A.B. asks: 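Here it is: the structure, laid out below.
The sequence lines fix the lettering, A, B, ..., with proteins before strands; numbering per chain opens at 1. Just so you know, these numbers come straight off a predicted model, no measurement behind them.
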2 protein chains.
Amino acid sequence: MKHLPHKTIERLSQYRRALLLCHEKGKSHIYSHEIAKIQHITAVQVRRDLMLIGYTGTLRKGYNVKELIDLIGIIIDSEDGLHVAIIGMGNLGRALINYFAGKRSKLKIVAGFDTNPDKIGNTMSGVPCYSIEDMAKIVLENDIKIGILTVPADHAIATADLLVKAGIKGILNYTPKPVNVPKEVYLEEYDMITTLEKVAFYVKLQEMDEE
Amino acid sequence: MKHLPHKTIERLSQYRRALLLCHEKGKSHIYSHEIAKIQHITAVQVRRDLMLIGYTGTLRKGYNVKELIDLIGIIIDSEDGLHVAIIGMGNLGRALINYFAGKRSKLKIVAGFDTNPDKIGNTMSGVPCYSIEDMAKIVLENDIKIGILTVPADHAIATADLLVKAGIKGILNYTPKPVNVPKEVYLEEYDMITTLEKVAFYVKLQEMDEE
DNA sequence: GTATTTTTGTTAAAAAATTCACATTGTGAA
DNA sequence: TTCACAATGTGAATTTTTTAACAAAAATAC
Ligand SMILES: NC(=O)c1ccc[n+]([C@@H]2O[C@H](COP(=O)([O-])OP(=O)(O)OC[C@H]3O[C@@H](n4cnc5c(N)ncnc54)[C@H](O)[C@@H]3O)[C@@H](O)[C@H]2O)c1
Ligand SMILES: NC(=O)c1ccc[n+]([C@@H]2O[C@H](COP(=O)([O-])OP(=O)(O)OC[C@H]3O[C@@H](n4cnc5c(N)ncnc54)[C@H](O)[C@@H]3O)[C@@H](O)[C@H]2O)c1
């Protein structure tokens, strides 16, 4: 397998999420068009993605749910799991910790960081909150590879720099301030307002078309 | 202007966010490569996007920040603004309301919905919380066009159906359960775990390459 | 046992998005 | 003035992503 498209990676994660639900419900096989329906895409798209990862279904029976879950895991997960930290234990940081807690996954939130002395030293949903001062040390000790940035926007850039200095390998930035990282650090930025504005644009477009 | 690419719409929103900051700082003009730097894309990409919306900069001086902000507004915003509701006033719902509060924008969160009697009747950051039972009425009365779904995953599908019945035009689904809507309703789904798994994949890839 | 249906896997085509390459031109320096 | 530079704007080329089309084969129907 040479090189998976970006979009395929995202979809594989989504397929797995859907497949896990099917598996829980006791479904042993699934057709490409069933997966497609759930994800609002086409069956060809699904088959193409699975082709790219080299998975072969059974003709007329579809794909083996369990096998496919496992294969997707082999492709996208790190074998030994991967440690994650949240920087900024405010509304969004807490919400995320809460959301992740309990999700058994190769990704584990093992630390939070904050500057607020009232938060430092406590744990939230089992995740200890450390002082930002100790970041380098904690990142090293816990082999943390990914940081989720949920500090106030004005501290985003400085905090991203700290993360890079601490040796983090990937950053997921939820603040609305784009940050800069060296090219060996993988960066993903997401702003909810952008998404909402996109929805709004297409709603407006549709209304204009109706006229 | 015939038809803007999906990606261009997202970037326009991001450009505007960056431009607003520049404007606040008193910067009157900006070059395509400056915008590009902020957004981690190429200058050609920026120029192409602006070409598509028909904006023309000044040679050697760049783009007029104020003018461009206004033009992007004309393209992506609805003239009279657009009302938004949050369904599920839990961790994430509250965090979002908090985040949006005060952002002056054409998009305004005007209502929240919940099933918890302790929450119904209160306001959060100025947004009143209504019973989900009253959704149809409130949506109509307040001309709400977009719903942000932040209910527990198991209620996502039923709640999306309610929104559609209430006459909503766009849904932004933050739950990990894909929902179904008729084709005249614009749907955008986002799962933070997918994004995190994507970051993790590329981190893993980089580590493998290093070996 | 043959035909029909249904589903996979894949090659080829199309569409969408990005980048290249470069003509154009305003600005400032020599 | 003339030259070199630095920026925009865009047609063409390239790359990426999606979709169409269809052969192959298993299951089912008759
Ligand atoms: N709330 C949302 O739904 C939402 C959505 C999208 C983006 N965001 C963005 O996410 C960020 C956080 O939002 P929030 O609502 O959680 O804000 P918040 O104010 O509730 O939380 C911020 C936290 O960061 C801590 N902090 C401050 N400075 C810090 C520093 N230098 N290092 C580490 N921690 C620091 C604060 O003590 C606080 O606990 C903001 O940038 C916001 O724009 C929020
Ligand atoms: N917390 C996060 O960071 C996060 C991130 C991504 C996605 N999500 C998803 O967002 C959703 C909400 O997460 P949360 O952490 O805010 O959960 P939460 O339990 O804190 O909040 C859910 C809220 O929805 C209300 N509710 C329950 N049933 C309802 C119904 N039928 N109609 C309306 N309201 C109802 C509850 O009373 C509660 O206030 C979940 O689906 C979760 O998976 C959360």
A.B. asks: To the nearest 0.5 Å, how far apart are CD1 in B:Ile86 and CG in B:Leu96?
C.D. replies: 4.5 Å
A.B. asks: Taking B:Lys106 for the side chain and B:Leu82 for the main chain, is one N or O donor matched with an acceptor at less than 3.5 Å?
C.D. replies: no
A.B. asks: Any sub-3.5 Å donor-acceptor pair from B:Asp134's side-chain atoms to B:Lys137's backbone N or O?
C.D. replies: no
A.B. asks: Taking DNA chain D as the partner, which of residues 25-33 of chain B come within under 4.0 angstrom of it by heavy atom?
C.D. replies: B:Tyr31, B:Ser32, B:His33
A.B. asks: Nearest whole angstrom, please: distance from the C1' of D:dT17 to the CD of A:Glu10.
C.D. replies: 13 Å
A.B. asks: What is the distance, to the nearest angstrom, from the CE atom on B:Met51 to the C1' atom on D:dT8?
C.D. replies: 12 Å
A.B. asks: Give the minimum heavy-atom separation between B:Gly170 and A:Val199, together with the two atoms involved.
C.D. replies: CA-CG1, 4.1 Å
A.B. asks: For the pair made of CZ in A:Arg11 and P in D:dT17, what is the distance, rounded to whole Å?
C.D. replies: 9 Å
A.B. asks: Taking all heavy atoms of B:Arg16 and all of B:Gly73, pick out the closest pair and write down the distance.
C.D. replies: NH1-CA, 3.5 Å
A.B. asks: State, to 0.1 Å, how close B:Ile138 and B:Ile144 come at their nearest heavy-atom pair, and which atoms those are.
C.D. replies: O-CD1, 4.1 Å
A.B. asks: In whole angstrom, what separates A:Asp49's CG from D:dT18's P?
C.D. replies: 8 Å
A.B. asks: Take the angle between the ring planes of A:Tyr190 and B:Tyr190 and call it parallel below 30°, perpendicular above 60°, tilted in between.
C.D. replies: parallel
A.B. asks: Could you tell me which residues satisfy side chain to side chain contact (heavy atoms under 4.5 Å, CB included) with A:Tyr31, sequence neighbours excluded, listed by chain and number?
C.D. replies: A:His33, A:Glu34
A.B. asks: Could you work out how much the helix from C:dG1-D:dC30 to C:dA30-D:dT1 bends, comparing the axis of its first five pairs with that of its last five, to 10°?
C.D. replies: 0°
A.B. asks: On a heavy-atom basis, which atom in B:Val203 and which in A:Ile146 lie closest, and how many Å separate them?
C.D. replies: CG2-CG1, 4.2 Å
A.B. asks: Quick one, give me the B/S/- string for nucleotides 19-30 of chain C, reading 5' to 3', where B means a protein heavy atom under 4.0 Å from the base and S means that only happens at the primed atoms, P, OP1 or OP2.
C.D. replies: BB----BBB---
A.B. asks: Just by distance, no angles: are the side chains of A:Glu188 and A:Tyr186 close enough, under 3.5 Å, to form a donor-acceptor pair?
C.D. replies: yes
A.B. asks: Side chains of A:Tyr99 and B:Asp191: is there a donor and an acceptor less than 3.5 Å apart?
C.D. replies: yes
A.B. asks: Pull out every residue in residues 181-198 of chain B that has a heavy atom closer than 4.0 Å to any atom of DNA chain D, ordered by number, or say none.
C.D. replies: none
A.B. asks: Quick check: closest heavy atoms across A:Val185 and B:Gln206, and the distance to 0.1 Å?
C.D. replies: N-OE1, 4.3 Å
A.B. asks: Roughly, in whole Å, what's the span from NE2 in A:His6 to P in C:dA17?
C.D. replies: 16 Å
A.B. asks: Once ring-ring contact (aromatic ring centres under 6.0 Å, His included) is applied, what residue pairs with a partner in residues 144-169 of chain A remain, sequence neighbours excluded?
C.D. replies: none
A.B. asks: Whole-Å distance between C:dA16 C1' and B:Ile9 CD1?
C.D. replies: 14 Å
A.B. asks: Can you tell me the distance, in whole Å, between the CG atom of A:Leu50 and the P atom of C:dG9?
C.D. replies: 8 Å
A.B. asks: For the pair made of CG in B:Leu52 and C1' in C:dA16, what is the distance, rounded to whole Å?
C.D. replies: 12 Å
